[in-house]
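What follows is a set of notes on a single structure, which appears directly below.
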Amino acid sequence: SSDVRVHSTKATRPGILPDREGSMTPGQLGTAIKEARGRQGLRQDQLAAAAKVGVRCVIELEAGKPTAQLGKALDVLQALGLPLSLGRTP
C-alpha cells in the first residue's frame with residue numbers, strides 16, 4: 001500500500017501528521033492544512049493569496065472536500081512550507 005505524509009521541512013516544527021499505516025483521507029489533509037495555517041498565524045484569505053488560489057479553495061481543502069483540485073492543494077501545501085511526500089509501506 002502507499003503511504004502519504006505531509007511534513008515540515010523546518011527543523012523547529014514537528015511533522016503535521018504522525019507516520020501511520022494506510023493512506024491519508026481528505027479530512028486529514030484538511031486538518032493538517034488548517035493546523036499549519038493556525039500555527040503560522042495566517043487567516044484563510046492570507047493563505048489563499050500566498051498560494052495564489054481562491055479563498056473558497058482553502059475553505060474547501062480545510063473542510064476535507066474530496067474533490068478539491070490536486071494542483072491547488074499542492075500550491076497551498078507549498079505556501080505553508082509543507083511538502084507532500086509519497087512512499088511505499090511494507
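All residue numbers in this chain count up from 1 along the given sequence.
- Looking at residues two or more places apart in sequence or on another chain, you find a side-chain hydrogen bond (donor to acceptor under 3.5 Å, both in side chains) between R43 and D45.
- Considering only heavy atoms from C-beta on, L42 comes within 4.5 Å of L80 through its side chain.
- For the residue pair G64 and P26, the shortest heavy atom distance occurs at O-CB, 3.2 Å.
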Inset, instruction - Show the numbers, then the answer: is there a side-chain contact (heavy atoms from CB on, under 4.5 Å) between L61 and V53? - result: CA-CA 11 Å; L61 282 170; V53 301; over 6 Å; no
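- Scanning for salt bridge (Lys or Arg N to Asp or Glu O under 4.0 Å) contacts around K65 gives E60, with sequence neighbours left out.
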Inset, instruction - Tell me, with the steps shown, if L77 and L29 meet side-chain contact (heavy atoms from CB on, under 4.5 Å). - result: CA-CA 10 Å; L77 291 171; L29 179 61; 4.1 Å; yes
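- Both L47 and L70 belong to a common hydrophobic cluster when Ile, Leu, Val, Met, Phe, Trp and Tyr are linked at side-chain heavy-atom distances under 4.5 angstrom.
- Remark: Q44 pairs with E62 by the side-chain hydrogen bond (donor to acceptor under 3.5 Å, both in side chains) rule, at least two apart or across chains.
- Under the 4.5 Å side-chain heavy-atom criterion for grouping Ile, Leu, Val, Met, Phe, Trp and Tyr, V58 is connected to L74 within one hydrophobic cluster.
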